[in-house]
Amino acid sequence: MRRIAGFFLAQLKRVCRLLQVQMGVSLMICSCAGVLAAVLVAQGAGEGQQRYRIGLVGDVSGSYLGFGFAALQTMDDSRLMIELLEMTETEAEAALAQGELTAVVRVPDDFLDAIIYGDNDTCVTYSAAAGQTQLGYTVMGEIADVASTLVTASQSAIYGMQRALYENGRADRVSAETDKFNLMLINLVLSRSGFSEVEILGYAEGLSLEAYYFCRIVLLLPLLAGLSGGVFFLYRKNALAGMLKAGGVGALSQIVGEYLAYLGFLCAGFLLPVFLLAQGLERALISLPEWEGVGAAPFLALLPAFFMATAMFAALQFFLYELADGIVNGLMLQLFVGAGMAYLAGYFYPSAFFPQRLRSVGAFLPSGAAARLVEGSFLERSAQGAGVAVIVWLAVFLLLAAVVRQRRILRG
Amino acid sequence: MSICRTIGERAVRMAQEMRTKMTVEVQGIRKAYGKKQVLTDASFFAESGQCVGILGGNGSGKSTLLSILSGVRRADGGSFFYGETELLHHLGRISDVLGYVPQADPLMEELSAWDNLRMWHDKATLERELAGGALAFLGIDGFLKTPVRKLSGGMRKRLSLACAMASRPGILVLDEPSAALDLVCKENIIRCLTAYKEAGGIILLTTHDVWDLSLCDKCLILKEGSLHAYEYDGDVHKLAEAL
């Protein structure tokens with residue numbers, strides 16, 4: 001027992017010696033994260049002011065379709081985001097190639113007739129620059145809205161009304177009634193967003209996008225901390241493991257002693273980022289919809305869940321370094337396993353967009369269990385299942401590490 | 001050599017304090033890896049003040065035998081008595097009576113020599129042993145505060161020995177103690193171990209180096225799983241043939 005305590009104390013001394021390295025790495029990570037955040041905020045602000053330029057090819061003048069586009073450009077909310085530019089096919093292709101346009105919408109000559117006569121063979125086509133397909137779908141949706149509300153239904157109604165007035169000898173009222181219908185139509189188009197109410201469920205069972213990424217990015221830090229933690233395993237020696245075993249310190253005791261020191265090593269490195277995040281929240285430099293105006297208190301209440309997740313990630317990293325021969329192999333393993341787990345558990349991209357089967361796998365993984373635990377804590381709801389999963393993963397990784405250590409001792 | 005100037009008197013003082021006339025009796029140790037029988041009947045006897053050198057070709061089972069005797073690996077059968085105590089059935093007691101020094105250095109690079117020693121022993125024991133006990137003749141006083149990463153190969157070996165010896169174990173198990181050391185370092189190590197032996201300790205060592213044989217009172221060759229006595233007369237060619 002005395003030797004186990006002596007071994008643990010020696011590990012703590014190692015942590016103290018290595019602390020300056022860890023603090024340096026921590027400072028570097030915080031600086032990089034700060035620069036990245038500043039760039040993202042600046043980019044986000046730029047995107048808010050950006051207008052998408054859409055080339056419109058085809059003659060839509062003198063028709064209700066043209067009127068619809070004009071309405072979009074002058075009165076609709078979308079005018080703040082989308083700028084429609086009429087041009088020829090050649091001009092549009094050149095502008096698209098030079099990146100001056102985001103997308104091109106082609107309206108065939110017989111498009112209007114096709115809509116009026118119910119012929120679906122002709123349709124509006126679009127081309128988008130790479131990476132703008134989502135926007136292309138948005139534009140298509142707008143065109144479809146314009147076509148269906150302004151052209152199909154309204155034009156039929158207006159022509160029908162005019163025919164009815166002529167047939168009943170009320171030609172004097174055609175002009176006034178047409179104006180009235182047009183006004184009704186404009187009113188209808190501009191208020192179309194009020195027809196349905198969209199309820200945003202969020203990306204992780206009720207979390208806002210900001211909160212979702214906040215939780216995942218804060219978890220990403222301990223998940224990938226194994227890369228900076230490599231210094232802890234730099235001088236690992238099989239000879240020491242063998243001598244300890246002969247001295248009565250078994251593989252499991254060695255692993256637990258080293259693991260606790262490693263966990264302390266990682267946690268010491270997180271003090272600065274946690275302090276900076278808390279300050280950012282307290283001073284409202286970082287704002288989440290769920291925590292608006294409440295300072296850093298909810299974040300500090302999340303720390304136990306983050307600590308549990310960190311403890312599990314530390315066990316995973318410890319196991320991976322134990323498994324790998326040499327520090328370079330260990331670092332590679334940390335990178336691939338960490339990044340893979342982060343991706344599958346939706347750390348880089350909301351998991352709500354993944355297929356259900358992949359989401360189930362992601363939720364089962366250690367990274368997914370940690371995310372469920374932290375998000376449950378964030379929403380102040382019970383996350384016992386995730387908590388148990390995190391503890392089970394931690395125990396599994398430590399036991400596996402002890403098995404590998406035992407093999408290393410015997411290998412000599 | 002200054003570090004060994006007072007070895008004689010210190011060894012005498014240490015011998016007075018250490019237990020005298022203890023014996024080691026190893027009988028019929030067996031070990032197989034799958035179908036491969038590495039040790040079939042490893043037996044030998046040693047008593048206080050003796051050094052037993054175990055020689056053998058690569059893969060002959062020397063390290064396996066040492067790892068069994070030091071409690072790292074379990075034997076399939078056989079016994080290992082230290083005095084009246086059978087150690088293979090009381091593995092927890094092995095660490096009380098035996099000090100093991102592996103071939104590669106088992107030191108923590110980030111820590112000082114003193115911190116490495118403190119991992120194994122309490123402060124009072126170390127101060128006592130450094131002042132004139134088991135560690136005095138290792139000559140490590142001069143670099144106790146030096147980080148291990150700055151120590152030479154010889155210093156590291158002496159420090160490794162110190163980690164194993166400070167509690168004055170009755171048996172010292174060494175895996176190739178002078179491997180990869182220069183002649184001066186080898187000589188220092190041999191003198192230190194001689195002092196330990198003279199103080200009544202029992203040394204079991206494996207080696208490929210005839211230099212180490214000058215320390216040995218008995219030479220055993222491990223061949224086909226069992227130990228055979230060998231009288232080394234300084235003829236290395238004859239020894240190579242025997243292996």
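Owing to the predicted nature of the structure, the values given are computational and were not obtained by experimental measurement. Throughout, a chain's letter reflects where its sequence line sits, starting with A, and its residues are numbered from 1.
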Open item on the list: Which heavy atom of B:Ser95 sits nearest to which heavy atom of A:Ala246, and what is that distance?
Closed with: CB-O, 3.4 Å
TODO: Measure across A:Ala239 and B:Ala104 and return the closest heavy-atom pair with its distance rounded to 0.1 Å.
DONE: CB-O, 3.4 Å
Given a strict heavy-atom distance threshold of 4.5 Å, which part of [X] is in contact with chain A: side chain, backbone, both, or neither?
X        : answer
B:Asp175 : neither
B:Ser70  : both
B:Asp105 : both
B:Ser160 : backbone

Are any non-hydrogen side-chain atoms of [X] and [Y] less than 4.5 angstrom apart?
X        : Y        : answer
A:Leu240 : B:Met108 : yes
B:Cys163 : A:Met243 : yes
A:Val249 : B:Trp120 : no
B:Arg73  : A:Ile409 : no

Taking atom [atom1] of [X] as the centre, report whether more than 12 heavy atoms of other residues, nucleotides or ligands fall under 6.0 Å from it.
X        : atom1 : answer
A:Phe275 : CZ    : no
A:Met332 : CE    : no
B:Glu224 : CD    : no
A:Tyr343 : OH    : no
A:Phe348 : CZ    : yes
B:His90  : NE2   : no

Task: Under 4.5 Å from a heavy atom of chain B, the part of A:Leu18 involved - done: side chain
- [ ] Answer with side chain, backbone, both or neither: which region of A:Arg17 has an atom nearer than 4.5 Å to a non-hydrogen atom of chain B?
- [x]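 Only the side chain of A:Arg17 comes within 4.5 Å of chain B.
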Task: Option that, when pairs with chain A are counted at under 4.5 Å, heavy atom only, ranks first among B:His121, B:Arg149, B:Met119 - done: B:Met119
Open item on the list: I need the B:Leu107 CG to A:Lys237 NZ distance, nearest 0.5 Å.
Closed with: 5.5 Å
Task: Separation of B:Gln103 CD from A:Asn238 CG (nearest 0.5 Å) - done: 12.5 Å
TODO: Flag the pair B:Glu110 and A:Lys13 as a salt bridge only when some basic side-chain nitrogen lies within less than 4.0 angstrom of an acidic carboxylate oxygen.
DONE: no
